[in-house]
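A quick write-up on the structure given underneath.
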Amino acid sequence: MHVPHLLQQRFIDALKDFTDRPEQYASMIRGTSDPKHGDYQANCAMPLAKQSKDGKNPREIAAMLVAKLELDDICEPPEIAGPGFINLKLRDRFLTDSLANMLGDDRCGVAQVETDKPIVIDFSSPNVAKPMHVGHIRSTVIGDSLARTLRFLGYPVVTDNHLGDWGTQFGIIIYGYKHFGDPDVVESNPVTELAKLYRIVNQLVEYRKASKSLPKLKQTIEDARQVVTEAKDTVEQAEDKQLKKAKKTLAAAERRLAGAETGLASAEEKILKVEQDSDLGPKAIAHANIDTEVLEETAKLHRGDPENISLWNRFLPHCKDEINRIYARLDIHFDHTLGESFYHPMLADVTAKLEQLGLASDSDGALCVFLPEFDAPMIIRKQDGAYLYATTDLATLEYRLTEFNPSEILYVVDTRQSEHFEKLFAVADHFGLSEVKLVHVNFGTVLGEDGRPMKTRSGTLIGLESLLNDAVDRAKQVVCNPERLVNFDPPMDAEEQDNIAEAVGIGAIKFADLSHHRTSDYRFNLDKMVALDGNTSAYVQYSYARMQKILQNANASDDDVAALVREHGVEFTHIAERNLVLQLIRFEEALNTVHKDYAPNHLVDYLLETAKAYSRFNDNCHVLKAESKSIRATRLAIVFHCKQTLGKGLNLLGIDVVPRM
RNA sequence: GUCCCCGUGGCACAAUUGGAUAGCGCGUCGGCCUCCGGAGCCGAAGGUUAGAGGUUCGAAUCCUCUCGGGGAUGCCA
């Protein structure tokens, strides 16, 4: 049920006398911003008046259009308002019939698109071998929600987790194993031990890098100080016109100075941390070239060194177990997990092809694709012969086109990689891979409570798993506190309590992430997410549980509700009923918006609105004590369908419901 | 230096992509439990959408400039 589409059909017929492009103008139908203007509004009269040759004003056009429209079976007579809005109010009869028709439909009235070309969604894509952290939430949760939603709309969806399983992090683990690893311990407890080795070596590498950067940072600070002093002098001497420019230069210099100073401070902190550590300190001295040696281990792996390949084969399954445990807990599944290693054998071909086509050329010993629209080239092979992620991405793209023949490929990746994808798509176009719609579904940064990005290097980063545990613990404290539990009959056993805490806690994190528009940054605040009041998943889950309880008390099965409706019909006696049903038939609209923008926050918004409309209904319209059988049948139908819709909506966000909480 | 993104009540975020009086939540203040579950509902206060111009019947949204914040920028991903 997509009311705007229905109305558009009628508008197209009526618009044929006004324009050659009736579809374009008919598409200007949307929900009203204020219910007093009706349910939907058509905004086409104003732009039509602009095109009008005989100088008719928008209200005249609107009146002529209304006279031609045939909407009696859907709407009350349209009203013209303001500069020329056509306001449409659905007939109650239309709403009640729609509700009766949708009842028991497991698609909640949402039409299924007919297409056999799949949409490939590339998301999550963590680097294995390092622990997943809060920064991995966004791609994982947004991608999963898009996959669920598009699949529900009827698109064949192929999900692919483009695992980082071939990069420097394996050089780190291999180095760690060779120098600090105890084979027996690794054998008996691989996941923890490998993570530990990663942490040790990574810290030592960071230590080396920090040490090396010290002189340069100090020099930068000295230079910047000088520039600042000079700029200050200039500002003092400058007159009107130069003054502004001088101030700007000064501000820029001060920013550079501040940046360098914080860089120095953090480098010194890293160094101190290692040197003061009784374990790491001596290791840092003994492994003075650890940074380059780690790269060499990686290079050996890529060259096919038997020992490193064998270690990689041994470690990779454990690394995958580690992330799969988290995916299982998040209820996230992939059709394919084709990591970078899978494409490694194809990279030589890709670069050769690009050279043959004259797209790639040598520059400073590296193989580069130069693009007219970009200053910097896309480097596809380094001076040392190693390939880069751009190369892998091209190979991946080529593989996906031949393997899946998709209509779209979505890359759910951090917005900081925008330029990379712009280049990738541009090269793909030149490369003859343009038969597909490529979309970088970018997203903003997760910020800490201080408003600064949560960076991987900060050291004190919250691991994803402990984060989930915290959320679930907190959910349990609130949901299962003893004062609440006494009200439940039969009492909740420990298993039910755990299930509820899990659904509410995990749901809170997903919901909070998805509630923000994907392109904006947001501050991560666990307290608010799990607060269980306000705009949270718990509010929606709770609404669901209330409806479940009513249906249970009514002792009415799905079939019973349908039979009651057939017997008594559907009829509104309270405005809250009408408002809720109107909200419910707009489910498909919300899902289409999610697809159009690849933005699940529209679905979140819809679910909150729906839950709110339900709460008002619940306050005003008693179901079980309804005045008549027909009113009771109507309200049962509303509760039943609302429950279905909220449950489905949450499911499309990847969030579970529980029968009571 | 160049390019990209952002700036919305005290806080944190929306805004159907140019539509009517800019919304929701938290917080604050005031109401509502003989009511299917009060994790709720109703009401109030709080905004020159960073600022200045421009385009338009109509601008948070598009254009120009200014201020402020963040990001990217040839051998990481």
Side-chain angles (χ1 to χ4, degrees), chain A residues 4 28 30-34 36-37 41 43 46-47 49-50 57-58 81-85 87 125 127 164 167-169 244 251-252 295 340 363-368 370 374-384 386 388-390 392-393 413-420 422 442 444-445 447 451-453 478-479 484 487-488 504 515-517 519-523 525 528 531-536 538-539 541-543 545-547 549-554 586 589-590 592-593 596-597 601-602 604-606 608-609 612 615-616 618-626 635 639 660-661:
Chain A
M28 298 174 183
R30 36 209 63 156
T32 52
S33 49
D34 187 330
K36 82 178 186 203
H37 297 130
Q41 63 183 52
N43 300 338
M46 284 84 79
K50 206 179 291 183
N57 69 46
F85 298 107
N87 290 338
S125 309
N127 287 325
T168 315
Q169 74 272 24
K244 234 165 62 182
L295 289 179
E340 291 172 330
S363 169
D364 294 338
L367 192 62
C368 297
F370 287 92
F374 298 96
D375 293 337
M378 184 164 88
I379 300 176
I380 55 173
R381 195 177 61 213
K382 296 197 287 182
Q383 283 173 330
D384 65 7
L388 294 117
Y389 70 130
T392 312
D393 277 353
V413 181
D414 195 308
T415 197
R416 283 175 286 203
Q417 289 186 43
S418 295
E419 196 174 319
H420 164 67
E422 282 170 31
N442 60 329
T445 312
L447 305 174
R452 297 169 57 89
V478 183
V479 180
R484 289 192 79 239
N487 297 323
F488 287 90
V504 172
S515 70
H516 301 93
H517 189 93
T519 56
S520 49
D521 298 347
Y522 76 89
R523 283 179 198 234
N525 184 330
K528 274 190 181 170
L532 309 186
D533 61 353
N535 286 347
T536 64
Y539 179 69
Q541 289 168 313
Y542 177 65
S543 303
R546 291 165 98 181
M547 289 182 266
K549 186 69 183 292
I550 292 176
L551 291 169
Q552 189 188 320
N553 288 345
R586 304 192 65 179
E589 288 173 55
N592 279 5
T593 315
K596 192 165 133 265
D597 291 350
N601 70 307
H602 291 120
V604 169
D605 205 50
Y606 172 82
L608 284 170
E609 293 254 331
K612 232 174 290 175
S615 285
R616 291 190 193 113
N618 189 66
D619 252 42
N620 289 293
C621 306
H622 209 282
V623 178
L624 302 180
K625 293 181 188 163
R635 292 180 179 174
V639 170
R660 57 177 190 165
M661 58 188 272

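A note on names: the letters A, B, ... follow the listed sequences, proteins ahead of strands, and every chain is numbered from 1.
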Under 3.5 Å donor-acceptor pair, A:Asp414 side-chain atoms to B:A72 base atoms: no
Listed partners of A:Asp384 passing salt bridge (Lys or Arg N to Asp or Glu O under 4.0 Å), at least two apart: A:Lys382
Set out, line by line, the N/O atom pairs under 3.5 Å between protein and nucleotides 29-32 of chain B.
none

Residues forming a ring pair (Phe, Tyr, Trp, His ring centres under 6.0 Å) with A:His516, sequence neighbours excluded: A:Tyr522
Protein-to-nucleotide contact annotation, 5' to 3' order, nucleotides 9-15 of chain B [B base; S sugar-phosphate only; - none; under 4.0 Å, heavy atom]: ---SSSS
Set of residues satisfying salt bridge (Lys or Arg N to Asp or Glu O under 4.0 Å) with respect to A:Arg660, sequence neighbours excluded: A:Glu496
For A:Arg586, all residues meeting salt bridge (Lys or Arg N to Asp or Glu O under 4.0 Å), sequence neighbours excluded: A:Glu589
Base-contact (B) and sugar-phosphate-only (S) positions in nucleotides 41-49 of chain B, heavy-atom cut-off under 4.0 Å, - elsewhere: SS-------
Side chain A:Thr536 and base B:G25 donor-acceptor under 3.5 Å: no
Contacts of type ring pair (Phe, Tyr, Trp, His ring centres under 6.0 Å), residue A:His420, not counting sequence neighbours: A:Tyr389
Base-pair map of RNA chain B as dot-bracket, where | denotes pairing with a different strand and pairs are Watson-Crick or G-U under 3.5 Å: (((((((..((.(.....[...).)).(((((.......))))).....(((((..]....))))))))))))....
By side-chain contact (heavy atoms from CB on, under 4.5 Å) - contacts of A:Lys549 (at least two apart): A:Gln552, A:Asn553
Partner residues of A:Glu419 under the salt bridge (Lys or Arg N to Asp or Glu O under 4.0 Å) criterion, sequence neighbours left out: A:Lys423
Whole-Å P distance, B:U73 and B:C65: 25 Å
Sequence-distant partners of A:Asn601, side-chain hydrogen bond (donor to acceptor under 3.5 Å, both in side chains), two or more places apart: none
Pairwise 5' ranking along RNA chain B for A:Lys50 and A:Asn535, keeping only the more 5' one: A:Asn535
Face-to-face stacking of A:Tyr542 with B:G37, centres under 5.5 angstrom, angle under 30°: no
Separation between the P atoms of B:U61 and B:A50, rounded to whole Å: 8 Å
